[in-house]
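Only one structure is covered here, and it is reproduced in the block below.
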Amino acid sequence: MKIFDTLTAKEEVLDTSGIVRIYVCGVTVYDESHIGHARTIIVFDTLRRFLESHGIKVKFIQNFTDVDDKIINRAKQENIPPLELSSKFITRYFEDFDRLNIKRADNYPKATDHIQEMIELIKNLIEKNFAYVSKNGVYFSVSKFKEYGKLSKKKIEDLVSGARIEVDETKNDPLDFALWKFASDEPKWQSPWGDGRPGWHIECSAMSLKYLGENFEIHGGGRDLIFPHHENEIAQSESYTGKNFAKIWMHAGMVTINGEKMSKSLGNTKSIEHVLKKWGPNIIRLFCLSGHYSKPIDYSEDALKETIIKWRQVENCYAELSSPEKDELVRPSSSFSEFFMKKADSIKKEFNDALNSDFNTPLALNAFFRLIKEVNNFASSEDISQSIVKNVEPVLETMSEILGLKISKISDEERNTINEFIKIRNTLREQKQYQKADGVRKQISDMGIVLIDHKTRTLLLKQEKICMED
RNA sequence: GGUGAGGUGGCAGAGAGGUUAUGCGUUCGCCUGCAAAGCGAAUCAAUAGGGGUUCGAAUCCCUUCCUCACCUCCA
């Protein structure tokens, strides 16, 4: 598999000979997660599923930043301890992301559980003269790391001349960033240099090193983390280990809302709770994968409505495959099943090729939907036979599993109940009492089941609820 | 101002020198008791503008314009 590496600015081959170690920068838990977080996490979750579907072992670590000024400020506003606030939003995080069908990471290390590791790292950096103690904290000396700027392709001169760096007299250099900040208020921890809190970037260096070791395969996150967060992580980590930090840097593009950047000040943030309520998890996943991960995607009603149609096709396809006719009941079927076997194979290959080529999910989805369409198309004129299901379903299942899509299954009780209704409806239809028959169909659809009438039988389709009103 | 990524049909979105990607939408037919799903046809055609290289350019080079992101906390 090839992945575009932000650092080398070209596609690099992912080493899958051993365990693929992935570290993804998670969220700062001071508020609800939003669709932007969802996009990034869905991208990496899908990547992980893809690798695992090929039997590749993945170790997936995603952190929580649970100590930070934003958390402290928010906690003050709500008049609760900062750690209570962060733990509340961690709980919320899992509620949201479980519903998005995100596989749990192998570990979700929290910054506050790794203060000691960070202190050790900082100690070492001071010893090696990469860091210094100043009035307000311990700082990393950017000028000591001669490759600073290599990830974000920034020149130190440009950064210095940039007007926005605030002048801080206590730092040796305006570009230096905090490893440890002295603080007298809570939360604070003891350190050899004074009580305080860790800087933001150091946690990821400490925790990725602890859980994944040196020179792990993929370090990911949103594009907005390239600078300064990941740039600073590189500076610290490589100064500490003397080795390259991550082999591949993979960054997910931003989500815009109707073409605008999503921000609190614009008031256009879309929380995951909100979008889940509105569209449900599968549509959100499909939407997030409908553009290349590295490019921005635009969240809009129209885009999501289009995704509903896609999702309906998937549901329809699964309904068609759910109750196949026995082969002997179906007209000459061996050639069809052979056709489908070839079709499914070539589509499976296209799907894999697309993902192997810098994780091209739009192209992979294209293949996925062609198979869906093929089945739906066939089913509208012929009955689906067991041998077709046998050929198509495993391929479809593998792809759905990689994409993290979950079809709502109809329980046996539900099926039995509805089949009784269908019998009644069919009797009414035979008697040409169509209004009554449609009434029965309406009753069934109120239960969330759509009927698909075929020549000789009626299929049940369970539709995911979508509530488009805000 | 600096840096980076881009600009492809009504919309979404691939392809990276040589033949219609694909999907969605819209319109009209077909199928259906009616729907749903599906089929057929039409819309159906596009590569930001201008130069170049080439037998041939969305694709390579130059240039102009525009968009977005980052440079401050961000996924």
Side-chain angles (χ1 to χ4, degrees), chain A residues 4 6 9 24-28 30-31 33-44 62 65 68-70 73 149 151-155 157-166 200 220-229 231 251-256 259-264 269 287 290-292 294-298 300 302-303 305-310 312-313 315-317 319-320 350 354 357 360-367 369-370 372-382 428-430 432-435 437-438 441-442 445 450-455 458-459 461 463:
Chain A
F4 185 88
T6 310
V24 174
C25 284
V27 297
T28 301
Y30 75 106
D31 203 349
S33 299
H34 54 63
I35 182 73
H37 300 120
R39 201 263 175 117
T40 300
I41 303 301
I42 286 169
V43 162
F44 286 101
Q62 186 188 319
T65 300
D68 163 273
D69 287 348
K70 288 195 293 296
N73 293 336
L151 183 73
S152 54
K153 321 289 178 219
K154 291 183 189 305
K155 294 190 185 74
E157 309 88 81
D158 295 338
L159 284 170
V160 174
S161 63
R164 289 179 179 173
I165 296 169
E166 67 180 280
W200 174 32
R223 288 209 88 80
D224 51 348
L225 295 182
I226 294 174
F227 191 90
H229 186 52
E231 194 70 70
H251 290 102
M254 300 290 102
V255 177
T256 56
E260 277 183 319
K261 184 189 157 109
M262 180 169 47
S263 77
K264 292 232 152 67
T269 54
F287 168 71
S290 70
H292 189 92
S294 64
K295 291 187 174 177
I297 47 168
D298 189 44
S300 68
D302 285 351
K305 278 182 189 160
E306 203 172 296
T307 315
I308 295 177
I309 290 158
K310 301 281 195 180
R312 293 300 185 219
Q313 293 175 347
E315 286 181 324
N316 192 74
C317 179
E320 296 289 358
E350 268 185 65
S357 161
N360 193 331
T361 55
L363 209 52
L365 282 178
N366 200 306
F369 280 107
R370 281 219 313 287
I372 301 268
K373 235 179 140 57
E374 207 71 56
V375 172
N376 290 346
N377 185 339
F378 183 81
S380 71
S381 58
E382 307 278 341
L428 290 166
R429 287 171 78 201
E430 277 163 29
K432 299 206 192 302
Q433 291 188 276
Y434 293 122
Q435 279 208 336
D438 288 349
R441 182 164 65 191
K442 175 74 172 58
S445 86
V450 174
L451 300 183
I452 302 172
D453 288 332
H454 281 174
K455 277 175 201 139
T458 298
L459 295 182
L461 188 163
Q463 280 195 341

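All values below were derived from every heavy atom in this structure, side-chain atoms included, with hydrogens, water molecules and symmetry-related copies excluded. This structure is a prediction, so every number in the text was calculated from the model and none was measured.
Set against B/A21, B/C73, B/C70, the side chain of A/Lys70 has B/C73 as its closest nucleotide. Each of B/A12, B/A75, B/U22 was ranked by its minimum atom distance to the side chain of A/Asn366; first place goes to B/U22.
Among the protein residues, A/Val255 comes within range of the nucleic acid bases, having at least one heavy atom under 4.0 Å from a base atom. At a threshold of 4.0 angstrom between heavy atoms, the contacts of A/Gly36 include nucleobase atoms, whether or not backbone atoms are also involved. Using a 4.0 Å heavy-atom cutoff across all strands shown, A/Lys153 reaches sugar-phosphate atoms only and no base atom. The residue A/Gly26 sits close only to the backbone: its heavy atoms come under 4.0 Å of sugar-phosphate atoms, none of a base.
In this structure, CD in A/Glu306 is found 10.5 Å from CZ in A/Phe287, a value given to the nearest 0.5 Å. Of the inter-residue distances, the one linking A/Gln435 atom CD with A/Leu428 atom CG reads 11.5 Å to the nearest 0.5 angstrom. Rounding to the nearest 0.5 Å gives a distance of 6.5 Å between OG1 of A/Thr458 and CG of A/Leu451.
Spacing between atom CD1 of A/Ile309 and atom P of B/U22 amounts to 19 Å, rounded to whole angstrom units. Computed from coordinates, the A/Glu374 CD to B/G23 P distance equals 10 Å when rounded to whole Å. Atom CG of A/Asp68 is separated from atom P of B/C73 by 10 Å (rounded to the nearest Å). Rounded to whole Å, the distance from CD on A/Glu350 to P on B/G23 is 12 Å. At whole-Å resolution of the value, CE in A/Met254 and P in B/A69 are 10 Å apart. Residue A/Leu225 contributes atom CG, which lies 14 Å from atom C1' of B/U72 at whole-angstrom precision. Between the CD1 atom of A/Ile226 and the P atom of B/C70 there is a distance of 10 Å, given to the nearest Å. In this structure, A/Met262 atom CE and B/A69 atom P are separated by 12 Å, rounded to whole Å.
Only the C1' atoms considered, B/A16 is 10 Å distant from B/C60, to the nearest whole Å. Separation of the P atoms belonging to B/G25 and B/A36 is 12 Å when rounded to the nearest angstrom. Atom C1' of B/G9 sits at a distance of 9 Å from the matching atom of B/U47, rounded to the whole Å. Nucleotides B/C66 and B/C73 have their P atoms positioned 30 Å apart, rounded to a whole Å. The same atom, C1', is picked in B/A58 and in B/A69; the two are 24 Å apart, to the nearest Å. For B/G15 and B/U8, the C1' atoms lie 10 Å apart once the distance is rounded to whole Å. Distance noted for atom P between B/G17 and B/A57: 14 Å (whole Å). The gap from the C1' atom of B/C70 to that of B/U64 amounts to 24 Å, rounded to the nearest Å.
In this structure, A/Thr40 and A/Gly221 approach most closely via the heavy-atom pair CG2-C, 3.9 Å. A/Phe227 and A/Ser152 make their closest contact through CD1-OG, 3.4 Å (heavy atoms, listed as atom of the first residue, atom of the second, distance).
Looking only at distances, no side-chain donor or acceptor of A/Asn377 sits under 3.5 Å from a matching main-chain atom of A/Lys373.
Using a 4.5 Å heavy-atom cutoff, the side chains of A/Gln62 and A/Ile41 are in contact. Taking 4.5 Å as the limit, every side-chain heavy atom of A/Lys261 sits out of range of all side-chain heavy atoms of A/Met254. Between A/Arg429 and A/Asp453, the closest side-chain pair of non-hydrogen atoms falls below 4.5 Å. With a 4.5 Å cut-off on side-chain heavy atoms, A/Arg312 and A/Ile309 do not count as touching.
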- Strand RNA chain B in bracket notation, Watson-Crick/G-U under 3.5 Å with | for pairs to another chain: (((((((..(((.....[...)))((((((.......))))))....(((((..]....))))))))))))....
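Residues satisfying the side-chain contact (heavy atoms from CB on, under 4.5 Å) test with A/His251, not counting sequence neighbours, are A/Thr6, A/Leu151, A/Arg223, A/Ile226, A/His230, A/Trp249. Taking A/Arg370 as the reference, A/Glu350 meet the salt bridge (Lys or Arg N to Asp or Glu O under 4.0 Å) condition, with sequence neighbours excluded. The ring-ring contact (aromatic ring centres under 6.0 Å, His included) test applied to A/His292 returns no partner, not counting sequence neighbours.
Glycosidic conformation at B/A35 (O4'-C1'-N9-C4 for purines, O4'-C1'-N1-C2 for pyrimidines): anti, more than 90° from 0.
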I'd like a list of close polar pairs between nucleotides 13-17 of chain B and the protein, N/O only, cut-off under 3.5 Å.
from  : atom 1 : to       : atom 2 : distance (Å)
B/A14 : OP1    : A/His292 : N      : 3.2
B/A14 : O3'    : A/Asn360 : ND2    : 3.3
B/G15 : OP1    : A/Asn360 : ND2    : 3.1

- Task: Between protein and nucleotides 31-41 of chain B, map the contacts as a letter string: B base, S sugar-phosphate only, - none, heavy atoms under 4.0 Å, written 5' to 3'.
- Result: --BBBBBSS--
